[in-house]
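Basis for what follows: all heavy atoms, side chains included, without hydrogens, waters or symmetry-related copies. Note on naming: letters A, B, ... go to the chains in the order of the sequence lines (proteins, then strands), and numbering restarts at 1 for each one. Just so it is clear, the structure is predicted and the values come from calculations on it, not from any experiment.
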Number of protein chains: 2
Amino acid sequence: MNIGNVSNLSGLPVKTIRYYEDIGLVSPLRDSNGYRAFREKELHKLAFLGRARSLGFTIEDCRALLALYDDETRASADVKSIANEHLEQIETKISGLEAMRDTLSHLIHECAGDHRPDCPILKDLGAFKN
Amino acid sequence: MNIGNVSNLSGLPVKTIRYYEDIGLVSPLRDSNGYRAFREKELHKLAFLGRARSLGFTIEDCRALLALYDDETRASADVKSIANEHLEQIETKISGLEAMRDTLSHLIHECAGDHRPDCPILKDLGAFKN
DNA sequence: GATAGGGGTTCCAGTAAGTGGAGGGTCAAG
DNA sequence: CTTGACCCTCCACTTACTGGAACCCCTATC
């Protein structure tokens with residue numbers, strides 16, 4: 001299977017697939033013309049990667065997960081531990097963003113948003129917070 | 001005022017302050033020995049930047065906000081519009097992360113997390129989703 | 001006067017995860 | 001035989017810094 005085909009099936013851009021080969025996440029064979037020749041195995045791995053990335057796992061997480069995916073003797077605890085750590089990071093990120101959102105929406109609410117220069121948003125940003 | 005001093009007062013790392021000069025966000029004078037000499041004005045700008053960045057504004061947003069901050073004849077509507085757009089992006093990000101969190105925590109819940117290889121997390125990641 | 005420390009300076013390289021483009025080879029159809 | 005859709009490699013760029021090397025400046029101490 002050629003890269004364009006795999007791209008369609010996996011939903012990953014061609015460029016991304018080449019990049020994943022570059023960093024060693026997949027290792028397709030090559031045809032005599034130099035074209036990448038993907039097997040089912042690689043297609044599955046790429047779909048796996050796409051899904052894992054869409055859940056926000058880092059590439060290094062993906063690498064570890066893929067190794068576990070390949071390893072028939074894995075312990076599910078190892079997978080769960082990676083997922084749990086990632087979940088915590090997501091929750092931390094959400095909290096941070098929610099704090100930003102709350103502050104910002106409060107400031108926006110205060111701002112008249114007209115032709116006048118007075119602006120609580122700028123006033124807040126310009127104030128020292130210690 | 002030297003850079004270390006400004007760093008302490010603004011809370012920004014020295015490296016970051018130099019970087020902000022590099023990209024034209026602040027323009028401190030120079031002493032005869034080549035040291036940056038910051039005035040009150042720059043200190044305020046740097047504090048402004050730190051605060052704006054902590055609310056998640058991009059550097060380019062900060063550049064625009066700083067220009068409005070400097071402009072006594074600004075319209076608060078311009079500030080509000082930047083802030084509103086940013087707020088929307090934050091909300092989009094939060095939604096995305098919440099979706100990840102929900103999927104992931106569901107999968108984690110399903111996974112036994114023991115020595116056995118069976119793992120709903122890997123199973124889900126490996127499945128094609130169309 | 002030499003030296004040690006704690007400032008400061010510049011410039012180069014690297015981070016995460018791709019994306020865009022240049023320049024060029026390959027293949028099937030008309 | 002040419003056209004258009006593929007494919008290839010390699011390089012540069014993105015965001016917002018961060019780390020490090022190599023070097024200068026200032027003050028205090030031996």
Can a side chain N or O of B:R36 be found less than 4.0 Å away from OP1 or OP2 on C:dG8?
no
Would a hydrophobic clustering, with Ile, Leu, Val, Met, Phe, Trp and Tyr connected at side-chain separations under 4.5 Å, put A:Y35 with A:I17?
no
Atom CD of residue position A:E110 - does it have more than 12 heavy atoms of other residues, nucleotides or ligands inside 6.0 Å?
yes
Let me test you: for the helix from C:dG1-D:dC30 to C:dG30-D:dC1, what is the angle between the axes at its two ends (five pairs each), rounded to 10 degrees?
40°
Is there a donor-acceptor contact under 3.5 Å linking the side chains of B:S76 and A:D114?
yes
Taking for each residue the nucleotide of DNA chain C with the nearest heavy atom, is it A:I59 or B:F38 whose nucleotide lies nearer the 5' end?
B:F38
Quick one: label A:I3 by what it contacts on the DNA or RNA (base, sugar-phosphate, nothing), any heavy atom closer than 4.0 Å.
sugar-phosphate
Passing candidate, side chain to side chain contact (heavy atoms under 4.5 Å, CB included) with A:H86, options A:I82, A:I90, A:N84
A:I90
Inspect the contact between A:R63 and A:E60 and indicate whether a charged nitrogen and a carboxylate oxygen are less than 4.0 angstrom apart.
yes
OP1 or OP2 of D:dC26 under 4.0 Å from side-chain N/O of B:N33
yes
Rounded to whole Å, CG of A:D22 lies from C1' of D:dC11 at a distance of 12 Å
Let me see the working for A:L87 and A:E91 under side-chain contact (heavy atoms from CB on, under 4.5 Å), right down to the final yes or no.
CA-CA 6 Å; A:L87 181 58; A:E91 273 162 357; 4.1 Å; yes
Classify the side chain of A:Y20 and the base of C:dG18 as holding, or not holding, a donor-acceptor pair under 3.5 Å.
no
Examine D:dT9: is either OP1 or OP2 under 4.0 Å from a nitrogen or oxygen in the side chain of A:R30? Give yes or no.
yes
Of D:dT18, C:dG8, D:dT9, the nucleotide closest to the side chain of B:T16 is D:dT18
side-chain N/O B:R53 vs D:dC17 OP1/OP2, d < 4.0 Å
yes
Starting at the 5' end of DNA chain D, which residue's closest nucleotide do you reach first, B:S32 or B:T58?
B:T58
So, does B:R18 get its side chain near the phosphate of D:dA16, meaning an N or O under 4.0 Å from OP1 or OP2?
no
